[in-house]
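Report on one structure; see the data block that follows.
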Amino acid sequence: RQKVLCLYDTLCELSLYDGKAVPQAAMELAREARFSRHPISAQKVRWLENQTKEKREKIMKALPWRRKLSLLWKGL
């Protein structure tokens, strides 16, 4: 559950760089991780990892070097 919440937080931070909203499914998954007592499936966690990775790669390709540096400085 903690991993899902961390990935969602990273996805939200990354959305500040590209101006696009976080996918609704990611929000629902984060809510499920936060408030449900049931474990999150590995497939859902992998999906969120892939979403975060893809968004980060797209942003790194599009940003100028100064913004990339700030992104790396934050640890994203």
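The structure presented is a predicted model; accordingly, all values stated were derived computationally and were not measured.
Partners of Glu28 by side-chain hydrogen bond (donor to acceptor under 3.5 Å, both in side chains), not counting sequence neighbours: none found. By the side-chain hydrogen bond (donor to acceptor under 3.5 Å, both in side chains) test, Lys3 is found to be paired with Glu49, residues two or more places apart in sequence or in another chain being considered. Remark: Asp18 engages Lys55 in a side-chain hydrogen bond (donor to acceptor under 3.5 Å, both in side chains) (not counting sequence neighbours).
Of the inter-residue distances, the one linking Cys6 atom SG with Leu11 atom CG reads 12.5 Å to the nearest 0.5 angstrom. Rounded to the nearest 0.5 Å, atoms CZ (Arg56) and CD (Glu13) are 12.5 Å apart. The CH2 atom of Trp47 sits 8.5 Å away from atom OG1 of Thr52, with the distance rounded to the nearest 0.5 Å. Rounded to the nearest 0.5 angstrom, Arg31 CZ and Ser36 OG are separated by 13.0 Å. Taken to the nearest 0.5 Å, the CD1 atom of Ile40 stands 4.0 Å off from the CD atom of Glu32. Taking CG of Asn50 as the start and CG of Leu7 as the end, the distance is 10.0 Å to the nearest 0.5 Å.
The two residues Ser15 and Lys20 have their closest heavy-atom pair at CB-O, 3.1 Å. When all heavy atoms are compared, the tightest approach of Ala30 to Leu5 is O-CD2, 3.6 Å. A pairwise comparison of heavy atoms in Leu48 and Ala26 identifies CD1-CB, 3.8 Å as the closest pair. Listed here is the closest heavy atom pair of Val22 and Tyr8: CG1-CE1, 3.7 Å.
Placement of Met60 and Trp65 in two distinct hydrophobic clusters is found when ILVMFWY residues are connected by side-chain heavy-atom separations under 4.5 Å, directly or transitively.
Crowding of Gln43 atom CD: a count of heavy atoms from other residues, nucleotides or ligands under 6.0 Å not exceeding 12. Within 6.0 Å of NZ on Lys68 lie more than 12 heavy atoms contributed by other residues, nucleotides or ligands.
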